[in-house]
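If you read the sequence from its start, that first residue is 1, and numbering goes on from there. Read the numbers this way: they start at 1 and go in the same order the structure lists the ligands and their atoms.
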Amino acid sequence: MKTIIEPFRIKSVEPIRLTTREERQQHLAATGYNLFGLPSEAVLIDLLTDSGTGAMSSLQWAAVMRGDESYAGSPSFYRFEAAVKNLMPFKHVIPTHQGRAAEAILFSIFGGAGRRIPSNTHFDTTRGNIEASGAIGDDLVIAEGKDPRSEHPFKGDMDLERLEAYLQQHAAEVPLVMITITNNAGGGQPVSLANIRAVAELAHRHGKPFVIDGCRFAENAWFIKSREPGQGGRSIEDIVRDCFSVADGMTMSAKKDAFGNIGGWLALNDDGLAEQARQHLIRTEGFPTYGGLAGRDLDALAQGLAEIVDEDYLRYRIRTNAYIVERLDAMGIPVVKPAGGHAVFVDARAWLSHIAPLQYPGQALAVALYETGGIRSCEIGTVMFGRQPDGSEKPAAMDLVRLAFPRRTYTQSHADYVVEVFEEVAVAKDRLAGYRIVSEPKLMRHFTCRFEKLGA
Ligand SMILES: *Cc1c(COP(=O)(O)O)cnc(C)c1O
């Protein structure tokens with residue numbers, strides 16, 4: 001059969017409602033054109049993030065009822081721990097309320113002034129936790145990973161030569177080596193198994209522990225299975241185990257590839273480090289058999305981990321993005337290729353070339369998608385990264401718009417609708433105006449700043 005279908009049927013539905021263009025314009029005016037300020041009920045298709053927004057299965061909801069809320073020693077924890085260890089063979093599994101809490105604990109141990117932590121590309125909360133500890137985060141992804149047109153199959157790979165030179169140059173400053181799979185901040189691009197193994201080998205040769213940010217481990221394993229020579233005949237579970245068996249630890253946001261609405265964990269092999277981490281956990285998250293989670297959350301995650309490695313699911317998941325990328329590409333819309341795992345990225349700077357980067361072409365496109373069709377996306381460009389620590393402003397490396405897909409939430413006809421909204425935006429795109437920021441907070445301005453449309 002040629003059609004890749006959604007490998008589930010729908011048991012519980014949540015209505016979504018298309019507002020009128022006038023209603024959407026009113027909402028935009030009320031929030032100062034900032035899509036983070038929209039009430040989500042005024043959004044038809046919400047592609048702001050894939051974090052915690054996916055649909056849980058009937059078995060996950062059943063697991064919620066099974067959850068045991070004992071303060072210590074809950075069977076929910078042991079089911080969760082076994083589900084993690086089944087895929088990631090670490091000695092110690094420490095639950096947290098989200099991925100960033102696991103990062104905060106990791107860098108309370110490994111961070112600090114004078115230290116540097118290399119990765120392919122640090123995710124923003126990872127970088128935030130590294131920098132809050134006083135350390136520096138460095139991104140060493142391969143050059144192809146920064147080229148939106150490159151069709152390299154593993155654009156999330158670490159640049160091994162640069163890592164080798166880096167480890168020689170900064171030998172005393174580097175406490176550990178990280179890698180993010182898939183490379184979220186680099187477009188959700190995958191890392192090959194060969195690269196994971198080579199990075200582990202390099203780290204260990206230099207006496208450094210190797211830690212994986214594993215948020216999208218199953219999507220990454222699917223890319224390994226479908227793109228890496230020699231991996232096609234293997235099961236997703238085996239590939240996942242191979243990825244983590246060369247690591248000394250991992251951080252995880254269970255809001256991604258564990259089908260959770262909330263959750264995370266830190267895993268480590270070293271007994272002493274795990275002891276330190278648990279001390280920190282008790283102070284900031286909770287007792288080690290629940291971390292920052294309820295027993296029902298732990299049970300939902302245990303079931304989610306059993307489901308996420310399903311090949312029918314992963315095929316449908318990855319195909320959704322690839323389908324939209326193909327359709328947009330065929331319309332001449334510049335998109336990041338090949339499609340990543342969890343999101344479609346549109347190169348707004350190239351598509352809306354009449355809008356200067358400092359007039360935020362990504363914001364202009366994101367607003368147009370909402371105004372035209374009720375789609376909420378996210379600018380990843382000069383609004384997000386343009387403000388410099390010295391107060392000046394400069395264009396970000398790229399002006400992208402990200403359409404991130406919640407897991408198991410939308411269907412093929414929703415994907416076709418998204419493409420149709422782009423068709424309608426394309427007709428008038430040369431008349432889209434840029435924006436000016438009229439108020440912004442000191443940090444992370446993209447969440448709350450307000451805009452004015454230029455020439456309006
Ligand atoms: C989401 C994410 C995190 C942070 O996890 P939260 O659960 O949102 O705190 C860290 N790294 C990557 C790659 C992520 O995608």
Hey, what's the ring geometry for Phe210 with His204, parallel, tilted or perpendicular (30° and 60° as the breaks)?
perpendicular

Check each atom of ligand 1 against the heavy atoms of Thr125 and keep those under 4.0 Å away; list them by number with element.
3 (C), 4 (C), 10 (C)

Name the closest protein heavy atom to atom 8 (O) of ligand 1, giving the residue it belongs to and the distance to 0.1 Å.
Arg100 NH2, 2.9 Å

Over 60° means perpendicular and under 30° means parallel, so tell me whether Phe345 and His342 are parallel, tilted or perpendicular.
perpendicular

Show which atoms of ligand 1 fall inside a sub-4.0 Å distance from at least one heavy-atom site of Arg216.
15 (O)

CH2 (Trp222) and CZ (Arg315) are apart, to the nearest 0.5 Å, by 4.0 Å

Could you say whether the N/O atoms of Cys215 and ligand 1 ever approach to under 3.5 Å?
no

When you measure from atom 5 (O) of ligand 1 to every protein heavy atom, which one gives the shortest distance, and what is it?
Ser253 CB, 3.2 Å

What atoms of ligand 1 come closer than 4.0 angstrom to any heavy atom of Lys255?
7 (O)

Assess, by modelled atom type and distance only, whether the side chains of Asp139 and Thr121 contain a donor and an acceptor separated by less than 3.5 Å.
no

Give the ring-plane orientation class for Phe287 versus Tyr71, where under 30° counts as parallel, over 60° as perpendicular and anything between as tilted.
tilted

Donor + acceptor pair across side chains of Gln189, His152 (<3.5 Å)
no

Would you please say whether a donor-acceptor pair under 3.5 Å links the side chains of His97 and Glu285?
yes

Check each atom of ligand 1 against the heavy atoms of Thr180 and keep those under 4.0 Å away; list them by number with element.
13 (C)

Verdict with supporting geometry, Phe447 and Phe36, ring-ring contact (aromatic ring centres under 6.0 Å, His included)
CA-CA 6 Å; Phe447 289 123; Phe36 282 99; 4.9 Å; yes

Applying a 4.0 Å heavy-atom criterion (strictly less than), which segment of Gln98 is in contact with ligand 1: side chain, backbone, both, or neither?
both

With heavy-atom distances below 4.0 Å as the criterion, list the atoms of ligand 1 near Glu103.
10 (C), 11 (N)

Protein residue, atom and distance nearest to atom 2 (C) of ligand 1, heavy-atom basis:
Lys256 NZ, 2.5 Å

Tell me the protein heavy atom at minimum distance from atom 11 (N) of ligand 1, and give that distance in Å.
Asp213 OD2, 2.7 Å

Test of proximity, Thr182 against ligand 1: N or O pairs below 3.5 Å
no

